[in-house]
K.L.:
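Structure in structure tokens, see below.
Values in this document were obtained by computation on a predicted structure and should not be read as measured data.
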Amino acid sequence: MSIEFRKEYFADERDDNLNEIGKPTQRQDALGHVTGRSPYYDDHLFDGLLHIRCVRSPHHHARIRRIDTSEAERMPGVVRIVTGKDVPHNLNTLLSLLDFGLDDEPLLSDKKVAYKGEPVAAVIADTERQARDAVAKVRVEWEELTPVLDVEEAIKPGAPSVNETYPKNLFVYHGKYDHQKLRFGDVEAGFAQADKIIEGRYQMSPIEQAPTETCGAIAAPETNDRFVVYTSTQALFFSLDTTSKLLKTPSNRLHFIGGTVGGGFGGKVDSLHEPLAVLGTMLTGRPCKYMFDRAEEMQVGAPRGAERWYLKDGVMNDGRIVARKFTGYFDSGAYTRLSSYAIIKGVGHLPGPYTIPNVYADVYCVFTNRTPATAMRGFGITGVDFAIEAHMDKVAIAVGMDPIELRILNAYRDGDMKAHRRLAKNTALIECCHVAAEKSKWPLSQQARQASSLRDGGGERAKMPAHTVLDQKGMVTGYSAGSYAQGNKKSQSPAQPQPSMPRHDQAPVTPRYEQPPRPQPQPASTYTPPPSASPPPAAPAEQRRTTRFSSISGFRRR
């Protein structure tokens, strides 16, 4: 579906002069930042504040045989220890709120861990020191499993299953295919026509965003049986709805406050801290803070995922690229989070800003026993751009051509047909090449200098291929394209079970807090996870129910 921007709307409020460049325009939040007055989530103080620290897996891949919290519960200052059985709906995928993907990640794992550092229990204590000491006293019996840490190893037959929702370690798109595909023309016919075949392999490692302010949230009881949450999230409504979903509580009981983020770059969208902070508050009746320390931020804070690309070009001796084939692997880590969406963006970016008559792409979202990947500046685009442009240089060397002139020769012109079956417009790569060459004093031929994005496009270049080769490669069955947020009205329960929690009708929000009686120490206990069952192929029916969300990314859904 094409998007048209209707500039007549709000015409009185628009200023399209774009005349701010070169002017000293001050950001609205700059004064608060430089004077130290901007309130971040950790600046909000509460009397009786509790601290949450997590017990984490020392293994990349292991089954949980038993969690013994008895000794930890007797440690000084410990108020409560939370395990997976305390989470009302202990399975989530952020993008299921947008009808995209199946729930696959527990808030606290209670059967199996799929990456090193995955949380299996949370200690809530009066001080952070006491919480850390108690974490060291939680005993977990592990059964180590073979990990798989490479994307191509993970999808070989017989590879260990990382994520039981997707037992073949491949995300399933739209309930139909185990990869994203793009077909335009006949790439094999293009290769047969080409004078040269140039192939390349390109790889990006994971990149940690490393924000100055580590990820975290503080939750506290509010009046009217609500909860206020101060958070570092970059996606306030995603976090609110994810919390509502995991805790099976109406979203109108949650009052989220954010907006000031101490560095993020995309890495603060996963909504891990808010649900656990609110759950801790529900279970203890006291404000709870859950934040990563620096070591956690670097180990389990989700990075930009690793990518591996294979490119194969069919090229004529004069430099025209007549066929381009992609095979790409995104390392999603142990769970989906945002990698599947990143691939949608990446495939939408192929074959780069170039007019190529035959294009073929298969791009896979692969699960491995590594830290789950998430957003980071331009994720889905930067990796494939790196691969495409590195490959263009390789092609230029192979055909003995100037690399900038190779790009000018193959660049989109206005009116060209893209591989996504849309006509190119407002193209400007050629002009960008001219400016780059001029600034760097890079010599160009007269023909390259006279090229323009406004000429030589359209015509034959605007036509659809006479024939596009289609296939059913990667088709799967047994998956539903539906999701949790889409709901099932026929079976939707009219009333949702609510977790047991104290009420705080009289509790002020901040800065003072009426401390309730401290919960009585609970008898020492051990938690033994239920016996593991054989992995279900996919169970969307159980994951598609219940909580209604008041908003998704700010848009009200009814």
Side-chain angles (χ1 to χ4, degrees), residues 52-69 72 81-87 89-94 102-123 132 134-151 153-154 159-169 171 206 215 246 270-273 275-276 279 290 292-293 295-303 305-306 331-337 339 366-374 526-536 539:
I52 299 176
R53 304 300 309 173
C54 280
V55 180
R56 300 186 180 278
S57 167
H59 307 292
H60 291 290
H61 198 195
R63 197 172 305 283
I64 301 170
R65 289 300 186 194
R66 184 168 175 266
I67 301 175
D68 183 352
T69 61
I81 296 180
V82 181
T83 59
K85 64 182 174 58
D86 297 307
V87 184
H89 180 81
N90 193 24
L91 207 60
N92 181 53
T93 289
L94 181 64
L102 303 174
D103 291 338
D104 65 350
E105 181 175 4
L107 185 64
L108 294 171
S109 296
D110 57 0
K111 300 180 179 65
K112 198 185 84 162
V113 291
Y115 67 95
K116 188 174 183 178
E118 184 165 358
V120 300
V123 174
R132 288 179 182 275
V135 163
K137 299 299 182 182
V138 175
R139 307 300 177 200
V140 184
E141 293 182 13
W142 304 98
E143 175 193 348
E144 286 192 64
L145 303 173
T146 303
V148 59
L149 303 172
D150 180 85
V151 286
E153 294 295 324
S161 181
V162 173
N163 184 332
E164 294 182 350
T165 302
Y166 301 100
K168 295 185 178 179
N169 297 335
F171 182 82
C215 297
L246 284 168
D270 286 336
S271 308
L272 302 176
H273 297 79
L276 196 53
L279 180 60
Y290 174 37
F292 283 160
D293 61 21
E296 287 175 311
E297 186 72 51
M298 299 303 290
Q299 181 184 358
V300 299
D331 190 343
S332 180
Y335 301 110
T336 302
R337 297 201 187 173
S339 294
V366 184
F367 298 103
T368 67
N369 292 112
R370 302 174 73 171
T371 303
T374 194
T526 60
Y527 169 59
T528 302
S532 60
S534 56

K.L.:
Taking the side chain as everything from C-beta on, heavy atoms only, tell me whether Val113 gets closer than 4.5 Å to Val120.
P.N.:
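A side-chain contact exists here, since the closest heavy-atom pair is under 4.5 Å.
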K.L.:
Taking the side chain from Asp104 and the backbone from Thr165, do they hold a donor-acceptor pair closer than 3.5 Å?
P.N.:
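Judged by distance alone, no pair lies under 3.5 Å.
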K.L.:
Using the test ring-ring contact (aromatic ring centres under 6.0 Å, His included), find all partners of Tyr290 that sit at least two apart in sequence or belong to another chain.
P.N.:
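Residues passing ring-ring contact (aromatic ring centres under 6.0 Å, His included) with Tyr290: His273.
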K.L.:
Is any side-chain heavy atom of Val140 less than 4.5 Å from a side-chain heavy atom of His59?
P.N.:
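Side-chain contact under 4.5 Å: no.
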K.L.:
To the closest 0.5 Å, what do you measure between OG (Ser109) and CZ (Arg56)?
P.N.:
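Spacing of OG (Ser109) from CZ (Arg56) equals 10.5 Å.
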K.L.:
Any side-chain heavy atom of Leu108 within less than 4.5 Å of one from Leu276?
P.N.:
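Touching, per the 4.5 Å side-chain cut-off.
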K.L.:
What distance separates Asn163 CG from Leu102 CG, expressed to the nearest 0.5 Å?
P.N.:
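One gets 9.5 Å once the value is rounded to the nearest 0.5 Å.
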K.L.:
Taking all heavy atoms of Pro106 and all of Glu118, pick out the closest pair and write down the distance.
P.N.:
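Smallest heavy-atom distance, with atoms named: CG-OE2, 4.0 Å.
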K.L.:
Please work out whether the ring planes of Tyr115 and Tyr335 are parallel, tilted or perpendicular, with thresholds of 30° and 60°.
P.N.:
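Because their plane-to-plane angle is over 60°, the rings of Tyr115 and Tyr335 count as perpendicular.
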K.L.:
Indicate the ring-plane relationship of Phe171 and Phe367, choosing parallel, tilted or perpendicular according to the 30° and 60° boundaries.
P.N.:
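Ring orientation, 0 to 90° scale: tilted.
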K.L.:
Restricting to non-hydrogen atoms, name the atom on Ala302 and the atom on Ala373 that form the minimum distance, rounded to 0.1 Å.
P.N.:
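Smallest interatomic distance, heavy atoms only, reads CB-C, 4.1 Å.
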K.L.:
State, with a plain yes or no, whether a side-chain heavy atom of Glu297 is found less than 4.5 Å away from one of Cys215.
P.N.:
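Yes - at least one pair of side-chain heavy atoms lies under 4.5 Å apart.
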K.L.:
Please name the pair of heavy atoms, one in Val135 and one in Cys54, separated by the smallest distance, quoted to 0.1 Å.
P.N.:
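Shortest heavy-atom contact: CG1-O, 3.8 Å.
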K.L.:
Which distance, rounded to the nearest 0.5 Å, do you find between the CD of Glu141 and the CZ of Arg66?
P.N.:
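CZ of Arg66 is found 5.5 Å from CD of Glu141.
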K.L.:
Could you state the interatomic distance from CG (Leu145) to NZ (Lys112), rounded to the nearest 0.5 Å?
P.N.:
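Here the interatomic distance stands at 6.5 Å.
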K.L.:
State, to 0.1 Å, how close Asn369 and Pro147 come at their nearest heavy-atom pair, and which atoms those are.
P.N.:
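Heavy atoms only, the tightest pair is OD1-CA, 3.3 Å.
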K.L.:
Identify the heavy atoms of Leu272 and Leu107 that sit nearest to each other, and give their distance.
P.N.:
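Here Leu272 and Leu107 meet closest at O-CD1, 3.8 Å.
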K.L.:
Here's a test for you: under side-chain contact (heavy atoms from CB on, under 4.5 Å), which of Thr69, Ile67, Asp68 qualifies with Arg139?
P.N.:
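Among Thr69, Ile67, Asp68, the one meeting side-chain contact (heavy atoms from CB on, under 4.5 Å) with Arg139 is Asp68.
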K.L.:
Tell me if a side-chain donor or acceptor on Thr368 pairs with a main-chain N or O of Val151 at a distance below 3.5 Å.
P.N.:
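A pair under 3.5 Å: no.
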K.L.:
Treating Asn90 as the side-chain partner and Lys85 as the backbone partner, does any N or O pair qualify as donor plus acceptor under 3.5 Å?
P.N.:
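Judged by distance alone, no pair lies under 3.5 Å.
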K.L.:
Is a side-chain N or O of Asn92 found less than 3.5 angstrom from the main chain of Leu246, in a donor-acceptor match?
P.N.:
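The answer is no, because no donor-acceptor pair under 3.5 Å joins these two groups.
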K.L.:
For residues Val148 and Pro160, report the shortest heavy-atom separation together with the two atoms involved.
P.N.:
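Heavy-atom minimum between the residues: CG1-O, 4.0 Å.
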K.L.:
Starting at NE2 of His61, measure out to CD of Glu143 and round the result to the nearest 0.5 Å.
P.N.:
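Going from the NE2 atom of His61 to the CD atom of Glu143 covers 10.0 Å.
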K.L.:
Between Ser161 and Asn169, is there a side-chain heavy-atom distance shorter than 4.5 Å?
P.N.:
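The answer is yes; the side chains approach within 4.5 Å.
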K.L.:
With rounding to the nearest 0.5 angstrom, report the CD1 to NZ distance, Ile81 to Lys137.
P.N.:
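Rounded to the nearest 0.5 Å, the CD1-NZ separation comes to 12.5 Å.
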K.L.:
Would the distance check show the side chain of Thr371 and the main-chain N or O of Gln299 forming a donor-acceptor pair, the cut-off being under 3.5 Å?
P.N.:
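A pair under 3.5 Å: yes.
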